[in-house]
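Below is one structure, written out as structure tokens, with a few remarks after it.
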Amino acid sequence: MCGIFGYFSTIANQDIIKILIKGLYNLEYRGYDSAGIAMLDINLNVYSYKSQGKVSRLDALLETQLHNNFIPAGIAHTRWATNGPPTENNSHPHHSDEFWVVHNGIINNEEELKKLLTRNGYSFYSDTDTEIIPKLISYHKSMGKTLVDAITDTLQSIEGTYAVLILQKNVDQIIGAKNGSPLVVGLDDTSQTFVFSSEISPVVEHTRKILTLEDNQLILINQSGIDLFIDMVTRENVDIQKQVETTVLTKESASKGGYDHFMLKEIHEQSKAIKDTMGPQNDTYYRLNSEFGNVNLGGLKEADQKLREINRIVLLGVGTSYNACQLGKLYFERITRIPCSAEESPDYHLNDPIIDSSTLAICISQSGETKDTVNALEEVKTKGGFALGITNRVDSQISKLTDAGVYNHIGPEISVASTKAFTSQCLLLLMFAIYFGRQRDLGKDEGQDLIESLKELPALVEQTLQLEDQIKSLAQKYANQKHMFVIGRKYNAPIAMEAALKIKEVTYIKAEGYNAGVLKHGPIALIEPGFLTLALAPKDSIFDGMTNSMKQITARGGSIIAITSEDAPVIEHAQDVIRIPKTREKLYPFLLTPVYQLFAYHLAVCKGLDPDKPRNLAKSVTVE
Ligand code: F6R
């Protein structure tokens, strides 16, 4: 949700425009309503360029600019509009007479701060809250404060969240600070180059040495390197080395790797994502313990005793992560017999939820930064519950706020529509269920049986992905549909919800996901000749029930694509049938998932849409 990027180097003669634009392309999935940059020229004047729309429009605009008058110091922003429409005027950087600022976050006390500035003679040219920041810094500076005091006083008066980069006229430096929104700085000591970014992927092509800023920290970089790194509350220096790490990410992990879109690449990465979830960074499945029919989850070790004492589980997430929660609930109750509920995070804290010290909340979030889920987590902590996290982003807010947790470790997910993260989340929930089950009544042999079947998953998913040509031709056949149902039951009901979400997001077809058992209680009223339903119907314990639902649809003239398993009988009621490999009932969600994902992807491509950047959406939703 909004990406910020900045670059500062002591090495002259670099194409700063190209570097900033490349950084923005890498961050674009965080928001693509508008983009802008600001740079210093050799006389330390600030030049800023902005454009409505995707980064490519700004890129095209800048083609016409001279590239050689600038020094390598600049800031950049790609926006997901919250305050004000996505116009050029509302695009970042925003400025006062002296300061240019890019901002990711939200200012909740905007009105109060605007009033203060208006009383003191400032006026505003945009609808954004961000414009307050450069003007407030100018205001504090005009009161005789030092630059650092003017900035820290400004930032400390903000109620809300921010990661900001600040460029000042006539000064060869960049200042970064954060509270509640992410900010990292790549450090290339050999070339005295510093790369600021909302996240690591755009940094790795410059350096893999990463300084992750914590809340309330401010960093100032100039020709002497890191000139200042302080905690804005205590104003004391911070030890840089404690926060520096070498990332395992490489340039390749942030590229499309020969695929047309990140979404397609990430769908095809799922077999590897499953392996990585079962044993990050190698092929040994070291998180699976065949001998004891259990899982080894280092992140839960210290919480082991506490986790034996919990008697209720609440799974919290939103969107795709919530759909994973719904499947997790079924795994937990079946395998552990601990009562479990799946809750959508946005309203959780508003409904005075029942939580006590024996309640375990598990927060699921790919980005680890989703504000709605952070709010829910804070409610759990306030009421004394114990919280675990499942996140893909190391050191994200949720991973820091939870008592313990486990990372997906599946590399960056760049496509806005979540694919491989969903698969990994579902798998980790199943692995958590085995862990809690083994702490209680799940027998060693049952545990071993589950563990052995998990090991078969990567090959089965690989086999499923081979169905792409058939799925693509079905997408071509049905690309003109305006509405669609996706139905499933039991473990596959949450998958129907997720399939519908995926189709909606990237194709704009009105897809609805239902438990097939619910269909006849209302939604079936919408079925008419030609209405398409995707039926998730492998040969499992509820196959006959699914067959009945399919019959009810075709009896009313509806069309069906059935996704079934290779051992199922002929499905007469379906126009088209896709057969996935046979597996055990609990694991069908993992084989159905690549099929609907590929279907959604190819539908989007057939319709001429960009599946990586669906309209109105952004990755990492850090506002409420
Ligand atoms: C859908 C999608 C979103 C996210 C949701 C939560 O494809 O990606 O629905 O699942 O915004 O995001 P995280 O998992 O980062 O908390």
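Quick note: residue numbers are just sequence positions, from 1.
For the pair Asp612 (side chain) and Phe262 (backbone), a donor-acceptor distance under 3.5 Å is present. Distance alone, capped at 3.5 Å, places no donor-acceptor pair between the Asp41 side chain and the Asn69 backbone. A donor-acceptor pair is defined here as one N or O able to donate and one able to accept, closer than 3.5 Å; such a pair exists between the side chain of Asp129 and the backbone of Ile107. Using a distance-only test at 3.5 Å, with no hydrogens or angles considered, a donor-acceptor pair links the side chain of Ser271 to the main chain of Pro458. Side-chain N or O atoms of Lys502 include one that pairs as donor or acceptor with a backbone N or O of Ser418 at under 3.5 Å. For the pair Glu468 (side chain) and Leu465 (backbone), a donor-acceptor distance under 3.5 Å is absent. Judged by distance alone, the side chain of Asn109 and the main-chain N or O of Glu159 form a donor-acceptor pair under 3.5 Å. In this structure, Arg79 contributes its side chain and Cys2 its backbone to no donor-acceptor pair below 3.5 Å. With hydrogens and angles ignored, the 3.5 Å screen pairs no side-chain donor or acceptor of Tyr508 with any backbone N or O of Ala604.
For Ser34 and Ser91, the side-chain atoms include at least one donor-acceptor pair closer than 3.5 Å. Judged by distance alone, the side chains of Ser126 and Thr128 do bring a donor and an acceptor atom under 3.5 Å apart.
Applying the ring-ring contact (aromatic ring centres under 6.0 Å, His included) test to every pair with at least one member in residues 154-185, sequence neighbours left out, gives no pairs at all.
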Open item on the list: Using side chain to side chain donor-acceptor pair (under 3.5 Å), reason through Asn408 and Gln366 one step at a time and then give a plain yes or no.
Closed with: CA-CA 8 Å; Asn408 300 92; Gln366 188 284 130; over 6 Å; no

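A salt bridge is defined here as a Lys NZ or Arg NE, NH1 or NH2 lying under 4.0 Å from an Asp or Glu carboxylate O, and Glu110 with Lys114 meets this definition.
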